[in-house]
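To start, the structure under review is shown below, and the notes come after it.
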Amino acid sequence: MEDPKRVEEGFGHGQISPAEKVEREDMGERSEMTTEQHHQTKVVETPALVKEKSKRIATLDAFRGLTIVLMILVDDAGGVYERIDHSPWNGCTLADFVMPFFLFIVGVAIALALKRVPSRRFAVRKIIIRTLKMLFWGILLQGGYSHAPDELVYGVDMKKIRWCGILQRIALVYMIVALIETLTTKLRPTAIDPGHFSIFSAYRWQWLGGFIAFLIYIITTYALYVPDWSFTVQEDDKSQSFTVKCGMRGHLGPACNAVGYVDREVWGINHIYTQPVWSRLKACTLSSPEAGDLRPDAPSWCRAPFEPEGLLSSISSILSGVIGIHYGHVLIHFKGHAERLKQWVSMGFGLIIIALLLHFTDAIPINKQLYSISYVCFTAGAAGIVFSAFYILIDVWGKRTPFLLFEWIGMNAMLVFVLGAQGILAGFVNGWYYKNPDNNLVNWIQSRVFIDVWNSEKFGMLLYVIFAEIVFWGVISGILHRFRIYWKL
């Protein structure tokens, strides 16, 4: 298997081209030299000519691993601890940090992976291929084909396939940000001028791309007219049609926002997510913020579909990747720890302050479902602060051991995402049952080892997620790392 180049950094399998080889050497990637190469190196090396391999930044892997861990935690424990699940509408919970954290670290990794681009044509081809791979896996895992781990069936009605999802959004952001980085190679500075803001002007084209995404999102959100719309709900072989009254512009509520309207028009209402979290709002259920039966007087949109990873909101999410690549540029151009942290921390807190001002003045509420600009600022700022804290602890102070679990998972992020977070391994295990499909090893471990022992479904399920999923995948990733086995796209 190939050396570790996680979801954001690798350029595919196969023979390594000279261009990619130069790029990997610049990144300090782990590689093994053949006996002949090692011998040749010994012959020609002299103290004056030896180029010391750059130190690998362990914070990248640890941060990526933390994001995967958060995903597993909120997805599998969020069912019993719904306060850590996605916010029903405005606001931000633990689950709402997962997607922007992914996109942030994608941006950081792109800056390092494309630090040097000897061949733009080669790099563009690899970016496109890798984007297509992510789109394929995203549709396969979240398009409705896989029903793991709860149902032992596979297949999807193409009339209802879901086109959007987590990997699809990551693919879009990766492609846009990586292409801008690649195509502006000749415009990059060899050195940064003195001054706190010089790095912004040095990479003005990346920020211009983010600004264009910002304009598209803002103009469409507030200027697009949203008409009335209808949908049909299937229940017990019966169908019931509903109509949502809109006829307005600039609405930021669940029913009549432009984000949902764009997805209904582009993808079709049968191809978007059918279980939106807004059903946990007070207007929809008396159990809010937890899930529950719909109120008798619940508005019709409480039953409607909504795509949380839709097209317009994904355009806004490009900003998360642009902010991430800025942090990567700082990592490249500023060699001192203090200089890097000054840039990172100041920007992180600045973004958080902007987000809180927008949210609490009711100008632009923090909203994950709409991927609002205040949400972009708040989560990107938080990502910057957490990344800085990890950098201090791991790469500055050398406290690497407590974060090895995160680091190992981060090195095999794609494998843990597919087999763990998407439940493919659990679904495989559930396929081997005794008499009844519910009588399987996964359910037995949940009930007998954790829930029954602690006599609490909530606490037992939390412990199951921590030990039987997160720690389990951490150990598996550590073993795979020991044997230098990695799965990348």
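Both backbone and side-chain heavy atoms feed into the values below; hydrogens, waters and symmetry mates do not.
Counting only heavy atoms from C-beta outward, the side chains of Trp487 and Leu480 never approach each other to under 4.5 Å. Contact check for Ile424 versus Leu141: side-chain heavy atoms found under the 4.5 Å cut-off. In this structure, the side chains of Leu312 and Tyr371 stay at 4.5 Å or more apart for every pair of heavy atoms. Using a 4.5 Å cut-off on side-chain heavy atoms (C-beta onward), Ile269 and Pro305 make contact. Side-chain contact between Phe334 and Gln343 is present, with heavy atoms from C-beta onward closer than 4.5 Å.
For the residue pair Asp395 and Thr59, a side-chain donor N or O sits within less than 3.5 Å of a side-chain acceptor on the partner. Defined by atom type and a distance below 3.5 Å, a donor-acceptor pair is present between the side-chain atoms of Glu181 and His329. Using modelled atom types, one finds a donor on one side chain and an acceptor on the other under 3.5 Å when comparing Ser313 with Arg169.
Between the side chain of Glu307 and the main chain of Tyr273, a donor-acceptor pair closer than 3.5 Å is present. In terms of modelled atom types and a separation under 3.5 Å, the side chain of Thr182 and the main chain of Leu179 share no donor-acceptor contact. At distances below 3.5 Å, at least one donor-acceptor pair connects side-chain atoms of Asp96 with backbone N or O atoms of Thr93. A donor-acceptor pair is defined here as one N or O able to donate and one able to accept, closer than 3.5 Å; such a pair exists between the side chain of Ser374 and the backbone of Ile364. Checked by atom type and distance alone, the side chain of Thr220 never pairs as donor or acceptor with a backbone atom of Tyr217 at under 3.5 Å. Side-chain atoms of His147 never come within 3.5 Å of backbone atoms of Val153 as a donor-acceptor pair (strictly under, hydrogens ignored). The backbone N or O of Tyr222 lies less than 3.5 Å from no partner atom in the side chain of Arg249, so there is not a single donor-acceptor pair. For Asn440 (side chain) and Pro437 (main-chain N/O), a donor-acceptor pair under 3.5 Å exists by modelled atom type.
When every heavy atom of Ser477 is checked against every heavy atom of Val416, the shortest pair comes out as OG-CG2, 3.4 Å.
Around atom CZ of Phe428, no more than 12 heavy atoms belonging to other residues, nucleotides or ligands sit under 6.0 Å away. Counting non-hydrogen atoms of neighbouring residues, nucleotides and ligands closer than 6.0 angstrom, the CZ atom of Phe211 reaches no more than 12 such neighbours. Annotation for Asp228: atom CG counts as buried by contact number, over 12 foreign heavy atoms lying within 6.0 Å.
Evaluated for a side chain to side chain donor-acceptor pair (under 3.5 Å) with Glu407, the options His481, Arg64, Arg400 yield exactly one hit, Arg400. Checking each of Phe63, Phe97, Trp344 against Phe104 for a ring pair (Phe, Tyr, Trp, His ring centres under 6.0 Å) leaves exactly one that passes, namely Phe63.
Between Phe200 and Trp207, the ring centre distance stays below 6.0 Å. For Trp89 and Trp301, the ring centers are positioned 6.0 Å apart or more.
Ring planes of Phe459 and Trp454: perpendicular class, angle over 60° (limits at 30 and 60°). Note on ring orientation: taking the six-membered ring where Trp is involved, the planes of Phe467 and Phe450 are parallel (angle under 30°, cut-offs 30° and 60°).
A salt bridge does not link Asp157 to Lys159: none of the charged side-chain nitrogens sits closer than 4.0 Å to a carboxylate oxygen.
Pairs engaging residues 301-330 under the disulfide (SG to SG under 2.5 Å) rule: Cys284-Cys302 [sequence neighbours left out].
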